Amino acid sequence: MAAKKIKALVIVESPAKARKISGYLGKDYHVMASMGHIRDLPANASEIPAQIKKEKKSWASLGVNTEEDFDPLYVIPKTKKKLVKELKEALKNSEQLILATDEDREGESIGWHLTEVLKPKVPVKRMVFSEITKKAILEAIENPRELDLDLVAAQETRRVLDRLYGYTLSPLLWKKIARGLSAGRVQSVAVRVIVLRELERLAFRSGTYWDLKAVLGAKTGNQTSFDSQLITVDGKRLATGKDFDESTGKLKEGSKVLLLKEEEAKKIQADLLKKDWTVTKVEKKAQKRNPSAPFTTSTLQQEANRKLGMTARDTMRVAQRLYEDGLITYMRTDSVNLSGEAVTAARKCVEGRYGKDYLHPTVRQFSSKSKNAQEAHEAIRPAGTEMKTAEELNLTGQQNRLYSMIWKRTVATQMAEARLTFQSVTITSGNCEFRSTGKHVDFPGFFRAYVEGNDDPEAALDDQESALPPLNENDQISCKELDAIIHETKPPARYTEASIVRKLEAEGVGRPSTYASIIGTIQDRGYVRKAGSQLIPTFTALAVSRLLEEHFPNLVDLNFTAKMEQTLDDIATGDAERLPYLNKFYSGAEGISEQVKKHEETIDPRKACTLNIDGIEASVRVGRYGPYFEKKKGEENLTASIPDSIAPADLSNDLAEKLIEEKQKGPQSLGMHPEEGLPVFVMNGPFGPYIQLGEVVEDGPKPKRVGIPKNYDYSELTLNQALSLLTLPRRIGHHPVTNKVVNAGIGRFGPYVLHDKVYKSFGKEGTFEHEGKVYDVLNVDMDTAVEMLKQAKRRSAPTPIREIGEHPEDKEMVAIFDGRYGPYVKHGKINATIPKDHEVESVTMDEAVVWLEAKAAKMGTKKTTKKKAAKKKAAKKKAAKKKTTKKAAAKKTPEKKAAKKKAPAKKKAAKKTAKKTAEKSTEKTTTKKTAEKTEKE
DNA sequence: CAGTGAGCGAGCTTCCGCTTGACTT
C-alpha cells in the first residue's frame, strides 16, 4: 500500500494553475485546486446548522458568536461538499500535504481552512512562489515554511468585521426604508461616492460665458491655418469654466477675470476683423513622457471600459478565458510587478520589432500606488517568454482586442520615453491677446506601442501630432475666420464603471476579485442604474446614504477601510490582537450593536424615506412602488410617481408641480372616438404612457390599450395621432418576394413590423431611418418594412433530429434536438442535455423522462440562488397585485384567476425584459441585445 | 402589460473575498 502512495498532495487555488504546476512537478505529485475558499460563514438561513437554529441564540443569523470571542461559525457550502470529499480522498494516498495557495491574506486563510477541514495525519507544509516557472516552483517546494497564523487571524478579523457590519446594518435598513436592502463596508462607500456626485449635480447651477475663436494663418511663408483662442482683453484674463462657482452659476467671489456677454463678444469680433494681427510671443517647452505601469485588474477594467467599451464583468470574463488558455498571467491582481521572464521577453520584443532606439536603456520596474496592495501575483501580461501578438495567436473578437491591449501595455513598459515639444504662441490684435498651442512629437518612443486612454473622449490623445506652423515674433498674421462662441459650464460628470473602479482602488476599497461584482451588487440592490455608461443613483440610494451618513458617519467614511487595513496589518505582524478590535467595533456603548439598537427606536421610518430637496416644495418619498412626490394641499395629500427615467439631479420644482397636477387631473381625454363613441385617454402606467379607449367597466372586457411609441411626446399627443395608434395593427401590404402580408403594430416591446412570423422592432427611439427619411409605425411603407425585415434575425423553428414519442403523463411530444451544447431532449419548456455516454439513436422514453425530471428539479433549486434581482422586483409586483386582485377578484372569472396563477414565472421574466428594454433605451451597445430578446419572446 | 403610496403576518432578506462550473440551445 505505502509504496503506491504519491509524494504529496499539492493544493492551489485555481485549476489552470494546478495544471501548469502539475506539469513542472511530474507524476510524484498530485496537484489539485481548492477553487478559492472551501468554508465560510453561513450565507443565509438555509446554511445555518439546525442545531444552532434551534438554540435560538441571538447571534445565530450572524454566524459569529458575539458572546464568545467572536468565534466564527464556519460551514462548508453545498457547492463545495463534493470538492472537499475529493480532496479528502486524494489526501489518503499522499505522504504529505503541501499548501500552495496564494501568498496573501486570503490565500493563507484558505490554506488554514484546508488543514482544518481535511485534518491531515501526514506532515503539512506551506509553499509560496511569486511566478509560475519551473525553476521558481522547484525552488519553492524545496523551501517550505509553516502556516502564518497571524496572517490567518488578520483574514478572519476582516471576514468577521464585514459580516458584523453587513448583517447588523442591513436589517436596520429593512425596517426603516425597504426590505431586501443592504449595507456593507465596500458597497455603502461606493454608493455614497456616487450619491455625493449626484447631489453636486443637483446643486449645480450652470453659467454661460462668451469668447472668440479665430482661424489664423501667417501672411508669408507657410500659411497653414491654425486655431487660436481669445485669452485677454485690455490685459484682463477672460473667464473660463473654472472661474465659475458651481452652486450659483456666477463668477466666483473676488475673481478678477473678464466675463464677456454676447454683445461685447460680438463687438470685439467686429472690431478685430478690421485690425492687424501680429505674433508677439513664441514659447517652446520640451517634455518627456513615460509609459504607464503594466495592467492590474483595476487598470485593465478601466482601460477596457474606456477604449473597448467593455463592462468590468465582460473584461473579467474574457480575461479568464485568456488565462485559462495560458495566454495571459493571472487576471486578478493588484501588483504592477513584472517578473524577470516578462521583462526579458518584452525587451527582446521591443528590440526585434522597433529597434534598439526604442528600447529603454535600463529595465523599468514599477511600484504599486494602491493603498493596500497585497501583491500575491504578477501584473497582467502576456504569459510565457514569447510575447506573441494577438494575430500570431489567431485571436478574434473581444479576446483579440483585450489581449492586444495587454500586449501593447506590457511591451510599452520597456520602451524609451517619448519626447515632445509644446509650443505656445501669443498673437496680439488691438487690445486683445489670442493664444495657440501646438504639440510636436520629437521622438515617439513608447507611443509607438501604447497610449493610455482618457475618460474624456474629447481630450486629444498624447501621441497625436498637432503642431503649429513655424511662427516667429513680429510675424504678420491674417485672420481667416473669427467667431463669437457661447459656452456653458457643465456639472461634474457622473461616475462610469471605469471611474468608480479607479476611485475605489485609489481609496483602497474593494479587491481585484470584487471590483466587477461591486458594480453588480449596487445595481441588483436597486441603488444604482446604468444609463449608457453613466452610473445613476436611485432615490433609494439617496435615502440609504443619508441614513448611514447621519447615524454611522465613521462607517461610511472613505477612510474606514484604510484604517481597518492598518489594524489588520498589525494583527498580521503580531503587533495587535483581533479581539479588542472587534470588541470596540461591535460591543460597548459606541459599538455597532448598541448603536443599531438605539437607532432602531429613534429613527422615524417615514422620515427616513422622505427626501426634502432645496427649491422643491414637494417632498420626494421612497415608496414600495418606487419614488414619488408628495405634497400637502390643505387637508389633501397629493402624490405623483416619479418616472424611472428621471435621475435625482433632474428634479426641479416645475417637474414636481407638473407631475402632481397631471396626476390630480386624472386621465385626460383627448376627445371622443368618432366611431366607437368612447373617450380616448392618455394614461401613464408602469410601462410608460399609453392610450386607452373608453373606461374600465366592471364585468366587461378590458378597454383597448396601446403603448405610445418613444418618438411621440405623450403630453402633446393629438387626438388624430391617438386614433391612428388605436387602429394598429395595420396592413402595409404584401411582401414583394413572398407575397405574404406585412403588418405594422405595437406590442409588448413597442412598435414592430411583422412578416411571416418574423418580427422586427423599431429602434430605441421608435423610429427607423431609411434612405435619409425617418419612419415610424404609423407611416412605414413597404420598401422600408422590407429593409427592416432584412435586418431581423430569422429564427426558423428548430426541427428535431428524432422524435421519441408522447410523454406518459401529458401526452406531449418528447423529442431530441441538436443544440450548441450537444444533443438534448425537449419536453414542453424543459430541455435536458443527453449524457455523453448515450447515443442519440438509442435513447428510450424512460431514460428521457429521468433526465427531464432531474433537470426540472435542478431548475427549481437554481431559481432561489440566481434570480435575486428578479425576485425582488417580482416580490414588489406581487405585493402590488395583492390589493387589486383581491378587490378585482369578483370581476374576474375563475378561469382567468387560475390562468394567472399558473404562469407566474413567465410573466415575471417578460416583465423584467420589458423593463430592461425601456431602461436601456439610451444605451448604444445594448440595442442589439434588446432586439435579440424581443425576438425570443 | 397598465394606475398603487396601507396592513393580517411565518420566515426571510443581508456582508466581502477567494475561485470555477453550470449553463444559455
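Residue numbers begin at 1 in each chain, while the letters A, B, ... track the order of the sequences. Treat the numbers as computed from the prediction; the structure is a model and nothing was measured.
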Residue list, side-chain contact (heavy atoms from CB on, under 4.5 Å) with [X], at least two apart or on another chain:
X: Ala153(A); answer: Ile571(A)
X: Ser335(A); answer: Thr333(A), Asn337(A), Glu375(A)
X: Lys563(A); answer: Asn559(A)

If you look at every strand shown and take non-hydrogen atoms under 4.0 Å, does [X] touch a base, only sugar-phosphate, or nothing?
X: Glu630(A); result: nothing
X: Arg185(A); result: sugar-phosphate
X: Gln187(A); result: sugar-phosphate
X: Ala183(A); result: sugar-phosphate
X: Ser14(A); result: sugar-phosphate
X: Gly107(A); result: nothing
X: Asp102(A); result: sugar-phosphate
X: Phe681(A); result: nothing
X: Thr521(A); result: sugar-phosphate
X: Tyr165(A); result: nothing
X: Gly184(A); result: sugar-phosphate
X: Ser182(A); result: sugar-phosphate

Check your understanding: On a whole-Å scale, what distance lies between the P atoms belonging to dC18(B) and dA22(B)?
Key ->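 Those two atoms are separated by 24 Å.
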Check your understanding: With rounding to whole Å, what would you report as the distance between dG9(B) and dT13(B) at their C1' atoms?
Key ->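 Straight-line distance between the two C1' atoms is 16 Å.
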Just jot down the ring pair (Phe, Tyr, Trp, His ring centres under 6.0 Å) partners of [X], sequence neighbours excluded, or say none.
X: Phe585(A); result: none
X: Tyr752(A); result: Tyr759(A)
X: Tyr167(A); result: none

**Study point:** Gap between atoms CG and P, on Leu582(A) and dC15(B) respectively (whole Å)
**Key:**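 Result: 20 Å.
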Point to revise | Atom pair distance, as rounded to whole Å: CG in Leu504(A) and P in dG17(B) | key: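 Computing the Leu504(A):CG to dG17(B):P distance gives 10 Å.
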[X] side chain, from C-beta outward: closest of [options]:
X: Arg705(A); options: dC15(B), dT4(B), dA2(B); result: dA2(B)
X: Met35(A); options: dG17(B), dT20(B), dC15(B); result: dT20(B)
X: Ser641(A); options: dT20(B), dT4(B), dG17(B); result: dT4(B)
X: Arg511(A); options: dA2(B), dT19(B), dG17(B); result: dG17(B)
X: Val186(A); options: dC15(B), dG17(B), dT13(B); result: dG17(B)
X: Arg163(A); options: dT19(B), dC15(B), dT14(B); result: dC15(B)
X: Ala45(A); options: dC15(B), dT14(B), dC12(B); result: dC12(B)

Practice item. Taking the side chain as every heavy atom from C-beta outward, state whether Gln187(A) and Tyr527(A) have any atom pair closer than 4.5 Å. Key: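 A side-chain contact exists here, since the closest heavy-atom pair is under 4.5 Å.
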Practice item. Kindly state which residues belonging to residues 108-117 of chain A come within less than 4.0 angstrom of DNA chain B, counting heavy atoms of the residue only, listed by number. Key: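 Result for residues 108-117 of chain A: none.
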Exercise for review: Compare side-chain N and O positions of Gln320(A) against OP1 and OP2 of dT20(B) and report whether any pair is under 4.0 Å apart.
Suggested key: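 Indeed, a polar side-chain atom of Gln320(A) lies that close.
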Check your understanding: Quick one: side-chain hydrogen bond (donor to acceptor under 3.5 Å, both in side chains) pairs with a partner in residues 508-517 of chain A, sequence neighbours left out?
Key ->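 Those involving residues 508-517 of chain A are Asp334(A)-Arg511(A).
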Review point. If each of Leu169(A) and Pro15(A) is mapped to the nucleotide of DNA chain B with the nearest heavy atom, which maps nearer the 5' terminus, i.e. the 5' end?
Key: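 The 5'-side residue here is Leu169(A).
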**Study point:** Distance-only donor-acceptor test (3.5 Å): side chain Arg159(A), base dC15(B)
**Key:**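 Yes, the side chain and the base share a sub-3.5 Å donor-acceptor pair.
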Check your understanding: Considering only heavy atoms and no angle criterion, is a donor-acceptor pair shorter than 3.5 Å present between the side chain of Arg624(A) and the base of dG7(B)?
Key ->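 Present.
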Check your understanding: When Watson-Crick pairs (N1 to N3 and N6-O4 or O6-N4) and G-U wobble pairs (N1-O2 and O6-N3) count only below 3.5 Å on both distances, what is the dot-bracket string of DNA chain B, with | for other-strand pairs?
Key -> .........................
Point to revise | Base of dT14(B) and ring of Trp174(A) stacked, centres under 5.5 Å, planes under 30° | key: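 Taking the rule of under 5.5 Å and under 30°, the ring of Trp174(A) does not stack on dT14(B).
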